[in-house]
Undergrad: 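Provided herewith is a single structure, encoded as structure tokens, for subsequent inquiry.
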Amino acid sequence: MRKKRFIVLLAICCMSFAAVYAEDDVKVVVPTNKSANYALYPAITGVILRLDTRNGTIQAIVPSNPKKNRVLNAEPLALDKKPGRFELYPTDSSWVWVLFDSETGNMWNVNWSAKSDVLSKIPVTEATY
């Protein structure tokens, strides 16, 4: 009886460790090549965010079910079409990312689970010395 309990406890511990390890296994790689027109960011299991680095438009892509694909931001945030201008950064929530304009320093929260108002600008106060 003790041996069965020990095996069950050991199995639960292993599954818990595997679940925690699986969450940490997802890594976001920000492209270092500033000449890329597009960048892909794995957002959550099965969903990839596709960023046009020239104008800040974003699509949520679900390769396993293309019917679930949707445009998150269709309005270009810049018209100069400079590759590498926009970048996405993860937050502590897998549903919210930060879109960063490396030319102006502007930032937006991207809540890709929202039905509307996916983008919300983050006010940035410049320090004065």
Side-chain angles (χ1 to χ4, degrees):
M1 188 67 154
R2 282 186 176 173
K3 191 173 185 178
K4 284 185 180 181
R5 285 184 187 168
F6 177 75
I7 291 173
V8 169
L9 182 61
L10 183 63
I12 290 172
C13 289
C14 289
M15 286 188 285
S16 298
F17 176 75
V20 169
Y21 182 74
E23 287 179 13
D24 291 339
D25 195 37
V26 175
K27 294 180 182 163
V28 175
V29 178
V30 175
T32 56
N33 180 357
K34 289 289 190 174
S35 64
N37 292 333
Y38 295 93
L40 297 177
Y41 299 86
I44 197 166
T45 304
V47 177
I48 298 170
L49 299 181
R50 180 180 175 246
L51 170 68
D52 186 328
T53 67
R54 300 166 296 180
N55 62 19
T57 57
I58 306 167
Q59 291 180 303
I61 307 294
V62 184
S64 63
N65 189 353
K67 291 180 182 179
K68 291 187 177 182
N69 292 354
R70 70 184 191 123
V71 176
L72 300 179
N73 176 33
E75 281 296 315
L77 300 171
L79 300 176
D80 63 358
K81 295 189 179 188
K82 181 180 177 187
R85 178 172 176 164
F86 291 91
E87 300 169 355
L88 279 173
Y89 293 92
T91 66
D92 57 351
S93 168
S94 59
W95 301 99
V96 179
W97 290 64
V98 172
L99 176 63
F100 178 65
D101 182 344
S102 64
E103 292 288 316
T104 65
N106 290 330
M107 297 186 300
W108 296 264
N109 276 325
V110 179
N111 184 350
W112 64 270
S113 67
K115 298 295 180 196
S116 62
D117 297 328
V118 173
L119 284 184
S120 59
K121 193 158 187 185
I122 301 171
V124 178
T125 306
E126 297 293 331
T128 57
Y129 298 98

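For this chain, numbers begin at 1 and follow the sequence in order.
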Undergrad: For W108 and L77: C-alpha separation, side-chain torsions, deciding distance, then whether side chain to side chain contact (heavy atoms under 4.5 Å, CB included) applies.
TA: CA-CA 11 Å; W108 296 264; L77 300 171; 4.0 Å; yes
Undergrad: How would you list all residue pairs meeting side chain to side chain donor-acceptor pair (under 3.5 Å) that involve residues 70-82, not counting sequence neighbours?
TA: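 Non-adjacent pairs meeting side chain to side chain donor-acceptor pair (under 3.5 Å): D80-R85, K82-E103.
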Undergrad: Would you say T53 and E87 make side-chain contact, with heavy atoms under 4.5 Å?
TA: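 No - every pair of side-chain heavy atoms lies 4.5 Å or more apart.
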Undergrad: For S102 and G84, work out which heavy atoms get closest and say how close.
TA: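 Heavy atoms of S102 and G84 come nearest at OG-O, 3.7 Å.
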Undergrad: Nearest 0.5 Å, what's the CG-CG distance between L99 and L51?
TA: 6.0 Å
Undergrad: Any heavy-atom pair between the side chains of R54 and F86 that's under 4.5 Å?
TA: no
Undergrad: Begin from the C-alpha positions of D52 and I58 and carry the test side chain to side chain contact (heavy atoms under 4.5 Å, CB included) through to its verdict.
TA: CA-CA 6 Å; D52 186 328; I58 306 167; over 6 Å; no
Undergrad: Does D117 have more than 12 heavy atoms from other residues, nucleotides or ligands lying within 6.0 Å of its CG?
TA: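 No, the 6.0 Å shell around CG holds no more than 12 heavy atoms from other groups.
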Undergrad: Using 0.5 Å steps for rounding, measure from the CH2 atom of W97 to the CG atom of N109.
TA: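 If I round to the nearest 0.5 Å, the distance is 13.0 Å.
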Undergrad: Does the side chain of P63 reach to within under 4.5 Å of the side chain of I48, using non-hydrogen atoms?
TA: yes
Undergrad: Is there a path of hydrophobic side-chain contacts, each under 4.5 Å between heavy atoms, that joins L49 and W95?
TA: yes
Undergrad: Under 4.5 Å between any side-chain heavy atoms of I61 and V47, yes or no?
TA: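 No, too far: nothing below the 4.5 Å cut-off.
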Undergrad: So if you build clusters from Ile, Leu, Val, Met, Phe, Trp, Tyr with side-chain heavy-atom gaps below 4.5 Å, do V62 and L88 land together?
TA: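 Yes, one cluster joins them.
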Undergrad: Side-chain contact test, heavy atoms from C-beta onward, threshold under 4.5 Å: evaluate it for I44 versus W112 and give yes or no.
TA: yes
Undergrad: Tell me whether R50 forms a cation-pi arrangement with Y38, defined as NZ or CZ under 6.0 Å from the six-membered ring centre and within 45 degrees of its axis.
TA: yes
Undergrad: Indicate, with yes or no, if V71 and V96 share a hydrophobic cluster defined by side-chain heavy-atom contacts under 4.5 Å among Ile, Leu, Val, Met, Phe, Trp and Tyr.
TA: no
Undergrad: If you compare all heavy atoms of A78 against all heavy atoms of N55, which two are closest, and at what distance to 0.1 Å?
TA: O-CB, 3.5 Å
Undergrad: Got I122 and S120 here, is their nearest side-chain heavy-atom distance under 4.5 Å?
TA: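 Not in contact.
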